[in-house]
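One structure below.
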Amino acid sequence: MDKSIKVLSIPMFSIRLVDLRYSNSDIYIEDVHEFTFIKTIRKTLSNILKCSMQSIVLFHPNNPSLKQIELTDKQTLHDLKISNNDGCLQYSLKSASPITISGSISNSNILALNMPSPNDSNNSTMVAISPANVGTSGVYFVENISSRRKSAVFKPFDEEQGMVNNPKGFTNAPLKSNFKPGQGIIREYAAYLLDWENFCKIPKTQLAHIEDESFHYQTDTYPKLGALQEFVQDSEEISSFGLNLFSD
């Protein structure tokens, strides 16, 4: 009598996540199975988008009973009848408004972006956001409402040159070789991190999510991921100088 035990393997597949905020930004998560929890997918997505799990909302687009209902962490793909590569979920980020910047922004303080709450309302500074008419990408000044001083500059990744929400007519404009649309904010953040002891005087920079009606949207507003940089007063724009000043 054959007493061998057969181990059944669970088929693995990938699932497509569709961003409800704008098109052409689908994300694929590999190596999921029928019994993968929604919590696991939200955690993976939060790592990809660099945002908190609490800000991510997931929906099921093909199930009429679940289409307008936020999925819960304890649900599995099996519960949603998703078992192969044809599976799809929709996601968005929860809105949070108004915007506040906590702490003073100065040459000795790193930027900190937080949404207001009853517990920290006394420690937050209300700000106004306005577009800056410079460059080929979306750039916005963050201004302290009480002092009327510019505190920071925000550059959303989806408004960079070549990105779908570029507000200056450069949606399909080509970039230099080895540069891809949407990478600008990562490069600026990396430059700040690599500026040892501020030798190159790169303004303090961090990645942040901000939502404001002045940003360029195709449909509804939502918190945008971008580079938030300390504002530094300039004396001239770089375009005013010849390139030979920056070469050996």
Side-chain angles (χ1 to χ4, degrees), residues 7-97 112-115 117 154-160 162-165 180-190 192-193 205-211 215 217-228:
V7 178
L8 298 178
S9 61
I10 301 177
M12 308 296 286
F13 54 90
S14 62
I15 186 169
R16 182 167 63 100
L17 301 179
V18 179
D19 194 337
L20 288 173
R21 301 169 299 171
Y22 46 85
S23 59
N24 301 323
S25 57
D26 295 355
I27 293 174
Y28 289 84
I29 295 180
E30 305 287 343
D31 298 330
V32 298
H33 52 78
E34 281 189 81
F35 301 102
T36 297
F37 284 99
I38 292 299
K39 181 178 181 179
T40 302
I41 295 176
R42 289 177 66 228
K43 183 177 181 180
T44 304
L45 187 58
S46 72
N47 292 333
I48 295 173
L49 298 178
K50 308 298 183 185
C51 65
S52 67
M53 286 180 60
Q54 291 73 22
S55 67
I56 297 174
V57 186
L58 288 171
F59 302 95
H60 194 317
N62 300 321
N63 189 325
S65 64
L66 296 173
K67 189 170 184 179
Q68 301 300 328
I69 301 176
E70 180 179 348
L71 301 179
T72 64
D73 284 345
K74 293 184 179 180
Q75 288 177 290
T76 66
L77 296 182
H78 177 77
D79 297 330
L80 307 177
K81 297 180 172 55
I82 296 177
S83 59
N84 53 47
N85 290 331
D86 294 331
C88 172
L89 294 177
Q90 295 173 327
Y91 75 91
S92 186
L93 297 180
K94 291 181 180 179
S95 298
S97 181
L113 182 81
N114 295 302
M115 297 304 173
S117 68
F154 185 65
K155 304 173 184 179
F157 94 98
D158 67 335
E159 296 189 23
E160 291 182 12
M163 294 294 283
V164 63
N165 282 325
K180 293 183 179 179
Q183 290 185 342
I185 66 168
I186 303 299
R187 291 174 179 270
E188 293 194 358
Y189 184 45
Y192 165 67
L193 294 177
T205 306
Q206 74 175 44
L207 300 181
H209 285 88
I210 303 182
E211 178 179 5
F215 297 156
Y217 297 98
Q218 293 189 16
T219 54
D220 297 331
T221 63
Y222 55 85
K224 291 195 174 193
L225 174 64
L228 182 65

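Put simply, the side chain of Thr36 does not reach to within 4.5 Å of the side chain of Thr76, judged on heavy atoms. Proximity of Gln218 to Val164: side-chain heavy atoms (C-beta onward) are separated by under 4.5 Å at one or more points. For the pair Leu17/Asp26, no side-chain contact is recorded, criterion being any heavy-atom separation below 4.5 Å from C-beta on. Within the 4.5 Å cutoff, side-chain heavy atoms of Tyr91 are placed close to those of Leu49. Side-chain contact between Ile48 and Ile27 is present, with at least one heavy-atom pair separated by less than 4.5 Å.
Smallest separation of non-hydrogen atoms from Ile15 and Gly87: CG1-O, 3.8 Å. The heavy-atom pair separating Ile185 from Ala227 by the smallest distance is CG2-N, 3.6 Å. Shown here for Phe154 and Leu225, the closest heavy-atom pair between the two residues is CZ-C, 4.1 Å. Minimum interatomic distance between Ser46 and Ser52 (heavy atoms only, all atoms of both residues): CB-C, 4.1 Å.
Atoms CZ and NZ, on Arg187 and Lys180 in that order, are 10.0 Å from each other to the nearest 0.5 Å. A distance of 5.5 Å separates CD1 of Ile82 from CG of Leu77, quoted to the nearest 0.5 Å. Here CG of Leu71 is found 5.5 Å from CG of Leu80. Values are rounded to the nearest 0.5 Å. For the atom pair NE2 of His60 and CG of Leu89, the computed distance is 6.5 Å after rounding to the nearest 0.5 Å. Rounding to the nearest 0.5 angstrom, the gap separating the OH atom in Tyr217 from the CG atom in Asn165 is 9.0 Å. Here the NZ atom belonging to Lys43 is positioned 13.5 Å from the CD1 atom belonging to Ile41, to the nearest 0.5 angstrom.
Between the side chain of Asn85 and the main chain of Ser14, a donor-acceptor pair closer than 3.5 Å is present. Glu160 contributes a side-chain N or O that, together with a main-chain N or O of Gly182, makes up a donor-acceptor pair within less than 3.5 Å.
At most 12 non-hydrogen atoms from other residues, nucleotides or ligands lie less than 6.0 angstrom from CZ of Phe37.
Glu159 is linked by a side-chain hydrogen bond (donor to acceptor under 3.5 Å, both in side chains) to Tyr140, Lys224, counting only residues two or more places apart in sequence or in another chain. Contacts of His33 classified as ring pair (Phe, Tyr, Trp, His ring centres under 6.0 Å), with partners at least two apart in sequence or in another chain: none. Checked against side-chain hydrogen bond (donor to acceptor under 3.5 Å, both in side chains), Thr44 has no partners two or more places apart in sequence or in another chain. A search for side-chain hydrogen bond (donor to acceptor under 3.5 Å, both in side chains) contacts involving Asn84 returns nothing, not counting sequence neighbours. Phe35 meets the ring pair (Phe, Tyr, Trp, His ring centres under 6.0 Å) test with His78; sequence neighbours excluded. Partners of Glu188 under the side-chain hydrogen bond (donor to acceptor under 3.5 Å, both in side chains) rule, at least two apart in sequence or in another chain, are Lys155, Gln229.
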